[in-house]
Asks: 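I have a structure I would like to understand better, so I am pasting it below and will then ask my questions one at a time.
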Number of protein chains: 2
Amino acid sequence: MSLLFSRQCEYALQAVLYLAKTPSGKMTSIKELSAKLDIPYHYLAKILQSLAIKGLLLSEKGRTGGFALRIPVEHITLAQVIDAVDGPAIKHSCVMGFGECSEDNPCALHNEWVHLRTGLFDVLNDKNVIQLAREMKKPVYEMLA
Amino acid sequence: MSLLFSRQCEYALQAVLYLAKTPSGKMTSIKELSAKLDIPYHYLAKILQSLAIKGLLLSEKGRTGGFALRIPVEHITLAQVIDAVDGPAIKHSCVMGFGECSEDNPCALHNEWVHLRTGLFDVLNDKNVIQLAREMKKPVYEMLA
DNA sequence: TTAATTTCAGATAAATTACTCTTAATTAAA
DNA sequence: TTTAATTAAGAGTAATTTATCTGAAATTAA
Ligand code: FES
Ligand code: FES
């Protein structure tokens, strides 16, 4: 099976939203993220590290270290996260696996797929992580104050 | 990267639509499908075989053998193909990778995702393969008469 | 009957993705 | 200054997916 995003990307999205819900200024450790979100520790470490390298997260070593969203937080979108992890291909790939996704030579699902894709990415681009995090009701994300 | 369907499923969809466009009664060989659709021969063989076992395709051995859609063709949908290859999970999985996709505990993308997913599957369920095949403009699928 | 062409079946290989382990570097608290 | 907690980095392993290979069985055409 396969679902829109890679596992790695799903983990990244979950983690970024978690960081979006933590009070600004506070660093969150991999340990906490891994435990709360039930993501393999070292695997998550890699993912966060790469997001830090790509400029989406801040990281700090040492005893009070951890990760936080890079400021200004309002500028971070999930679309950026997806781009950073899975790359931009999804935005112009054919859902049936044909070489190119084109208006001129559409596959049988083209219209529906383009509609879905643009609808989703509109949300992903237009709302920042803070806004999206607010809409979540997953228990793990509560009581982070 | 990852995109809605597994590679195997993409191949299956492409092949089934190809069969939907061939004149009824005619059997199409793996060789032709593999060449026209540019899908690895033996891999495709496996996929078609499994679709035949699951009752979506008819197969015939021997010199004039090949595959064709099982009749009545009008009852075959791409949703069935997807179900047969990737399984039903996609229809109730969380796009962000959380354990369950629920209305009560929605993730940040739940509303958008559910809306888009149901829209897509409405098409996949309501239109049969003949109807969908007609909408294609991919060159490979032309001149099959 | 023979040869050619096809699917069927199972084993194997390659590639990709997911995950783990270990050690080093850094920082702050004890 | 020592110790504990943390990220950084890179190598290594496991699991899954994708693809290949080989030979047998079936069927038709010559
Ligand atoms: S051509 Fe297939 S989705 Fe656009
Ligand atoms: S809870 Fe995530 S898509 Fe429904």
Asks: Heavy atoms, side chains only, cut-off 4.5 Å: are T77(B) and L124(B) in contact?
Replies: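 A side-chain contact is absent here, since even the closest heavy-atom pair is not under 4.5 Å.
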Asks: Ignoring backbone atoms, establish whether K31(A) has a side-chain N or O less than 4.0 Å from OP1 or OP2 of dT6(D).
Replies: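 Looking at the OP1 and OP2 atoms of dT6(D), one of them is under 4.0 Å from a side-chain N or O of K31(A).
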Asks: Using heavy atoms to find the nearest nucleotide of DNA chain D for G62(A) and K46(A) separately, return the residue whose nucleotide is more 5′.
Replies: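 This one resolves to G62(A).
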Asks: Just how far, in rounded Å, is P of dT20(D) from CD of Q49(B)?
Replies: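 After rounding, the gap between these two atoms is 17 Å.
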Asks: Ignoring backbone atoms, establish whether T64(B) has a side-chain N or O less than 4.0 Å from OP1 or OP2 of dA29(D).
Replies: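 Result: no.
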Asks: Would the number of heavy atoms belonging to other residues, nucleotides or ligands and lying under 6.0 Å from CD1 of I71(A) be above 12?
Replies: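 Open: at most 12 neighbouring heavy atoms sit under 6.0 Å from CD1 of I71(A).
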Asks: Measure from CD1 on I47(A) to C1' on dT17(C) and round the result to the nearest Å.
Replies: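 Taking atom C1' of dT17(C) as the reference, CD1 of I47(A) is at 11 Å.
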Asks: What is the distance, to the nearest angstrom, from the OH atom on Y43(A) to the P atom on dT13(D)?
Replies: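 Rounding to the nearest Å, OH of Y43(A) and P of dT13(D) are 18 Å apart.
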Asks: Between dA19(D), dT7(C), dA8(D), which nucleotide has the shortest distance from any of its atoms to the side chain of K61(A)?
Replies: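 Ranking dA19(D), dT7(C), dA8(D) by closest atom to the K61(A) side chain puts dA8(D) first.
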Asks: Name the nucleic acid region contacted by I30(A), choosing base, sugar-phosphate or nothing; use a 4.0 angstrom heavy-atom cut-off, strictly under.
Replies: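 It contacts sugar-phosphate atoms only.
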Asks: Could you check how far CG of L33(B) sits from P of dT6(C), rounded to whole Å?
Replies: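 Going from L33(B) (CG) to dT6(C) (P), I get 12 Å.
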Asks: Could you state the NZ-C1' distance from K26(B) to dT6(C), rounded to the nearest angstrom?
Replies: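 Distance, rounded to whole Å: 14 Å.
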Asks: Does any non-hydrogen side-chain atom of V85(A) lie less than 4.5 Å from one of L51(A)?
Replies: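 Side chain of L51(A) against side chain of V85(A), heavy atoms only: contact under 4.5 Å found.
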Asks: Check whether any side-chain heavy atom of Y141(A) sits under 4.5 Å from a side-chain heavy atom of K36(A), and report yes or no.
Replies: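 No, every pair of side-chain atoms sits at 4.5 Å or beyond.
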Asks: For a 4.5 angstrom cut-off between non-hydrogen side-chain atoms, does L13(A) reach I82(A)?
Replies: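 In short, these two side chains touch, coming nearer than 4.5 Å.
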Asks: Take the protein atom CD1 of I53(A) and the nucleotide atom P of dA8(D), then report the distance between them rounded to whole Å.
Replies: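 Rounded to the whole Å, the gap is 8 Å.
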Asks: Between dT17(D) and Q8(B), is there an OP1 or OP2 to side-chain N/O distance shorter than 4.0 Å?
Replies: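 No, because none of the side-chain N or O atoms of Q8(B) sits under 4.0 Å from OP1 or OP2 of dT17(D).
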Asks: From C-beta outward on Y11(A), which listed nucleotide comes closest to its side chain: dT27(D), dC19(C), dT7(D)?
Replies: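 Per side-chain heavy atoms of Y11(A), the pick is dC19(C).
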Asks: To the nearest Å, how far apart are L44(A) CG and dA8(D) C1'?
Replies: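 My rounded result for the distance is 14 Å.
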Asks: What's the closest nucleotide to the side chain of H42(B) if the choices are dA18(C), dT3(D), dT20(D)?
Replies: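 The answer is dT20(D).
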Asks: Out of dA8(D), dT7(C), dC19(C), which has the shortest distance to the side chain of P40(A)?
Replies: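 Minimum distance to the P40(A) side chain belongs to dC19(C).
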Asks: What's Y41(B) touching, base or sugar-phosphate or nothing? Going by heavy atoms closer than 4.0 Å.
Replies: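 The residue Y41(B) makes base contact.
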Asks: M27(A) has an atom CE; how far is it from atom C1' of dT26(C), in whole Å?
Replies: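 Going from CE in M27(A) over to C1' in dT26(C) covers 13 Å.
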Asks: Need to verify one output field. Residue with the more 5' nearest nucleotide on DNA chain C, R63(A) or S59(B)?
Replies: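 In this pair, the answer is S59(B).
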